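Before any comments, here is the structure.
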Amino acid sequence: MASIARCLMAARPSAFSAAIKSSAPRTIGIRHFSITASNQVRKYTKEHEWIDLQADNKTGVIGISEYAAKQLGDIVYVELPEQGREVAQGDSVGAVESVKSAADINAPISLKITQINTGLEEKPGVLNQLPEDDSHGGGWIAKVQVTEQGLKDLEKLMDSEAYKEFTAAEAENH
Amino acid sequence: MPMALLRPGLPGWRMLTPIRTPSIISKRNVSTASWERHLNRPIQIYHSKINNPYLNLSIEHHLLQKSSPESTILFIYFNRPSVVIGRNQNPFKEVNLRRLSKGVPAKKKTTEPAGPALFRPREPVDLVRRRSGGGTVFHDSGNANWCVICPPGAFDRDKHAEMVVRALKALKVQGVRVNERHDIVQDVMEEGELRTYKVSGSAYKLTRTRSLHHGTCLLDSMPSAKISELLRSPAEPFIKSKGVDSVRSKIRNVNVDRREFRMAVIDEFRKMYRANIPYTTLTGPDVVDIENIKNGFKELRSQGWIYGQTPQFTVSWQPTAEDPRPRPHNALSDHIDEDYVSSFHMRFTVRHGAINEAFLWGLDFVESIEDSKQAVKEAFVNVPVHRLDFLPKILPLIKHEPESLKKAVQMSDFLNGVFGNNPSPLRERYLGPKNAVELAIEQAMAAAAAAEPNKGEEEEDRILTEPQEEDDDDGHGGHDVGSETNSRELKQEWSQEEVREKLQELIKDSK
């Protein structure tokens, strides 16, 4: 998602400044949901995907960050991964289309897709509104099973503080 | 290979003569090595002499995937007649598939005497799904494709469309600009008012490491009314689809020569990136052996990609709460009895190109209501819809009485029409002889089919060996001398025979 996040900034300075503002204290969407609940940890990639690891260390939920969703502009279609597919970190697990652009969604860590959010096919706009909401009706992409390699991959990802700094720095570079 | 000596900017680099591949080195190795060298350069310019849309898009994808992440690339190509839909579009809704299968009049050669298009031989049209987003376009030798691949940090939706605008202005095309949809439009004074026409459309593909912007440019394409016919599906009022709909625009040709356009865009690209470098011409033998291109080509040609990638959609006979539009049944088949319009019901949901839910009502089923519903599901669920003849699937479910058969034929005519397939060849058996016009058409079609005894092979031949018309590539232009040397390096002296063999292998695999 990195590519999209960057690309729109040059074209849309307003979206750019909005993104900086939003990455300040309010990281959360309109709806209430927890990103630092005691039983799960949310980690982010440089490509603007997130993953929640559940307390069992075996399952999780993936999605794209609010920052990326803002930069994408109006999302008109979400291509979801196949259920049961096993992918390595960085492999494409779907794509979103906005403003004539097909942008890949990549696996934040090595994982297996166990459930997809079919609601996004019907309402792709939810991905713009609630990208980091992992509840029913939210913009999460898929529920996943985390592989052993996946747990190792996870260590290299950013926590929400580090990601906040990262996006602020990325925005400044443009 | 002393490619280093050809570095642009070195005095005398133009003087070098083309270097032949020593026969002792295997062709494959030289080709691969030479590709790698090209793909690592910071600025690269390619021009394809191939007109196969699947292959050109696969070369483009190869450049996207395999070029060095910091490089910036210009790639220019022209396709033979093809309808190209966006990644997340529905071909049944966007394209008149029956018309597409009949082809378009072959383009007039400049040397040919004038004559009405009716008697012109017809050329097939390919249906292509590209990997980028956006809407449906028609390509032919008069519609240029330009593509710029760059690092994501440098990506901007307009800057390369602006580059093409500068190229058009350099060619004295007036009134061109980039609009808010990132397309190039032309403002023209007509009948005392300013009218705006689209001359170029943009689409993008963004990956983790690279971004790709490609666009068309209408130089001298088929008349817009003909294009519009191809891009208007009679099934559209029956289809409710997820995914992306095309936005219709009035289009216009800028009337620029292909070669002049190519050179002007290359010039602007060179200026933009301050790189006075030669361009590389790609031909069939340069690409047909590259594994990644072969795989991309196979994927683009597969039914699973062309039809299976279609976002889920529903076809329904009657207006529904979610889709209350009126349904013009007669636009899809010759005739449907008025009684049937109100007594029939059908609703199919199609996912990944195959039927997912099936409901048919109003036919004279043999079984009870519940059993018939089940039988319909069993007959249709998981069946791919493209090239599906519905009649043989319906016949086992219904009574074989004249009125019942008539209903079945009319329903299957409609369903075959929705998915762009021809009326069932079986219909005659159940409806009696056709009328004279229908028979004449059928005979003509049979004769045409007989004239091309092996369609599969013909397709293979068309893939790469077909020369691009009147496209001299001698590089007369100021900066082009290097192009010859460069292209020679990639190009090998392959016989037509060898190319054909390669292709046959490729096609066989892709089936």
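Throughout, protein chains are lettered first and strands after them, A, B, ... in sequence-line order, and every chain is numbered starting at 1. It should be emphasised that the depicted structure is a prediction, and the values quoted were computed from it without experimental measurement.
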So with a 6.0 Å cut-off around [atom1] of [X], is the heavy-atom count from everything else above 12?
| X | atom1 | value |
| --- | --- | --- |
| B:Gln65 | CD | yes |
| A:Gln83 | CD | yes |
| A:Lys123 | NZ | no |

Between B:Ser132, B:Gly201, B:Gly243, B:Pro151, the one whose heavy-atom pairs under 4.5 Å with chain A are most numerous: B:Gly243
Shortest non-hydrogen contact from B:Arg87 toward A:Ala102: CD-CB, 3.6 Å
Considering all heavy atoms, the nearest A:Val99-B:Tyr204 contact: O-CD1, 3.8 Å
Side chain to side chain, A:Glu121 and B:Arg351, heavy atoms closer than 4.5 Å: yes
Any side-chain heavy-atom pair of A:Ser101 and B:Arg157 under 4.5 Å: yes
Under 3.5 Å: donor-acceptor pair, side chain of A:Lys100, backbone of B:Arg181: yes
Spatial distance of atom CZ (B:Arg131) from atom CG (A:Asp104) [nearest 0.5 Å]: 11.0 Å
A:Glu49 CD to B:Arg208 CZ distance, which is reported to the nearest 0.5 Å: 9.0 Å
